[in-house]
Amino acid sequence: MTPSLTPAAMCQCFTLVSLCTSIADPNWIQISNGSDSNNKLIYGVAFTLHSAQNLTHTGLLGGVNGLGMRLLYTLAAMCYGAVLLSSSSFLLDFLGAGFSHSRLVSSLHVSTALLCLVVLGVSGACLYVIQQNVQKEALGPSPHTSGFSTLPGESFYIEILGLLFSVTAAAFSLCCPLEPIALNQDLSEESGDGEEERKPLIGGT
C-alpha cells in the first residue's frame, strides 16, 4: 500500500484533530452566574474522568447516578468511539486501502460522521437536562441558582466543526471513489508491446 493524502483522508484528519480538541477541552456545557462572572461550572468529557473528585458539583446533573451524569458518561464513550473510527478511516485511506477496499473505507467515513452527529445529540440532551434542573432549583425553596444561565461550551462548537469535516470526508469517499490501479495488466501490455517491437523482420534479402 502506497501512502496517499486523498481529499477524504485530509478532511478526516481535521475531524480527528477536532475530536481530540473537544475531548481535551473540558467545557462542553457551562453554567455561569449573571451577577458573578467568576462563579461558573463547566461539564464535559474531562468531568467524567474525575467524577470521583467532583461529587459536590453533580447536583445539577441529578446526582452521581442522575440522568445528566449518565448522559455525560455516554458522551465520553461516544467521543472516544468517534476518535477510534476517525483514526481508523484516516489511516486506512492514507495508506491506500481505499484502492482495494473502497467500501470498507467509505463505511468507516460514514460511520464517523454518524457518530459525530450522535455525540452532538447526546451533548444537546445533557444540556437540556441541566437546564431543567437549573429551573427546578430556581423555583425551589433556596433559589441560589436563580441567576444562572446554561450555555453550550466551546467543545460543543468544535464538535460541530468536526461533524462538518467528517461529512465532507464521507461525501468525498462516496462521490469520488478510488479505483484500483491494474499494475499487472499495464505491465503485461507494456511487455507485450516491447516484444512486438523486438520481433525480427522475416523475409526480404
Side-chain angles (χ1 to χ4, degrees), residues 11-33 39-92 104-140 145 148-171 173:
C11 292
Q12 197 60 247
C13 178
F14 288 120
T15 301
L16 185 58
V17 172
S18 301
L19 285 169
C20 293
T21 305
S22 64
I23 291 175
D25 193 314
N27 191 2
W28 278 82
I29 300 169
Q30 69 176 20
I31 304 172
S32 57
N33 193 341
N39 190 3
K40 183 185 298 184
L41 289 175
I42 57 175
Y43 297 105
V45 176
F47 184 87
T48 62
L49 300 178
H50 306 283
S51 58
Q53 289 80 27
N54 297 323
L55 297 179
T56 57
H57 300 293
T58 58
L60 296 177
L61 295 170
V64 181
N65 299 317
L67 178 59
M69 197 66 199
R70 290 198 295 269
L71 286 173
L72 273 186
Y73 282 122
T74 305
L75 175 65
M78 294 296 102
C79 283
Y80 287 115
V83 168
L84 179 61
L85 281 178
S86 179
S87 57
S88 299
S89 56
F90 167 72
L91 286 175
L92 287 176
L104 173 62
V105 175
S106 297
S107 64
L108 285 175
H109 284 301
V110 173
S111 299
T112 303
L114 291 176
L115 197 53
C116 287
L117 184 61
V118 171
V119 167
L120 288 176
V122 173
S123 178
C126 188
L127 176 64
Y128 176 78
V129 169
I130 293 177
Q131 286 177 339
Q132 295 300 311
N133 291 335
V134 169
Q135 292 178 1
K136 288 179 182 179
E137 290 202 11
L139 297 175
T145 60
F148 281 16
S149 61
T150 307
L151 297 171
E154 56 264 17
S155 291
F156 183 85
Y157 298 105
I158 294 173
E159 178 60 25
I160 292 178
L161 187 63
L163 174 63
L164 295 177
F165 281 125
S166 63
V167 169
T168 306
S173 181

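Along the sequence shown, residues are numbered consecutively beginning with 1.
Between Met78 atom CE and Cys116 atom SG the span is 11.5 Å, to the nearest 0.5 Å. Rounded to the nearest 0.5 angstrom, Ser18 OG and Leu161 CG are separated by 4.5 Å. The OG1 atom of Thr21 sits 11.0 Å away from atom CD of Glu154, with the distance rounded to the nearest 0.5 Å. Rounding to the nearest 0.5 angstrom, the gap separating the OG atom in Ser123 from the OH atom in Tyr128 is 15.5 Å. Atom OG in Ser166 sits 9.5 Å away from atom CG in Leu115 (nearest 0.5 Å). The distance from the CG atom of Leu19 to the CG atom of Leu84 is 11.0 Å, given to the nearest 0.5 Å.
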Fill in: Residue pair Leu75, Val119: steps toward the side chain to side chain contact (heavy atoms under 4.5 Å, CB included) verdict
CA-CA 6 Å; Leu75 175 65; Val119 167; 3.7 Å; yes
Item to complete: Show the numbers, then the answer: is there a side chain to side chain contact (heavy atoms under 4.5 Å, CB included) between Tyr43 and Ile31?
Response: CA-CA 8 Å; Tyr43 297 105; Ile31 304 172; 3.5 Å; yes
Item to complete: Tell me, with the steps shown, if Phe47 and Met69 meet side chain to side chain contact (heavy atoms under 4.5 Å, CB included).
Response: CA-CA 10 Å; Phe47 184 87; Met69 197 66 199; 3.9 Å; yes
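Listed by first and then second residue, the ring-ring contact (aromatic ring centres under 6.0 Å, His included) pairs involving residues 11-31 are Phe14-Phe165 (not counting sequence neighbours).
When all heavy atoms of Leu108 and Ser89 are compared, the pair lying nearest together is CB-CB, 3.6 Å. Scanning all heavy atoms of the two residues, the minimum distance from Ala76 to Thr48 falls at CB-OG1, 3.7 Å. The two atoms that bring Pro152 and Leu127 nearest to each other are CG-CD2, 3.8 Å, heavy atoms only. Of all the heavy atoms in Leu72 and Gly44, the pair that sits closest is CD2-O, 4.0 Å.
Residues Val134 and Ile130 are in side-chain contact: their nearest non-hydrogen atoms beyond the backbone lie under 4.5 Å apart. Using a 4.5 Å heavy-atom cutoff, the side chains of Ile42 and Ile29 are not in contact.
Side-chain atoms of Ser173 do not come within 3.5 Å of backbone N or O of Ala169 as any donor-acceptor pair. The backbone N or O of Glu159 lies less than 3.5 Å from no partner atom in the side chain of Ser22, so there is not a single donor-acceptor pair.
Scanning for side chain to side chain contact (heavy atoms under 4.5 Å, CB included) contacts around Leu67 gives Arg70, Leu71, Val129, with sequence neighbours left out.
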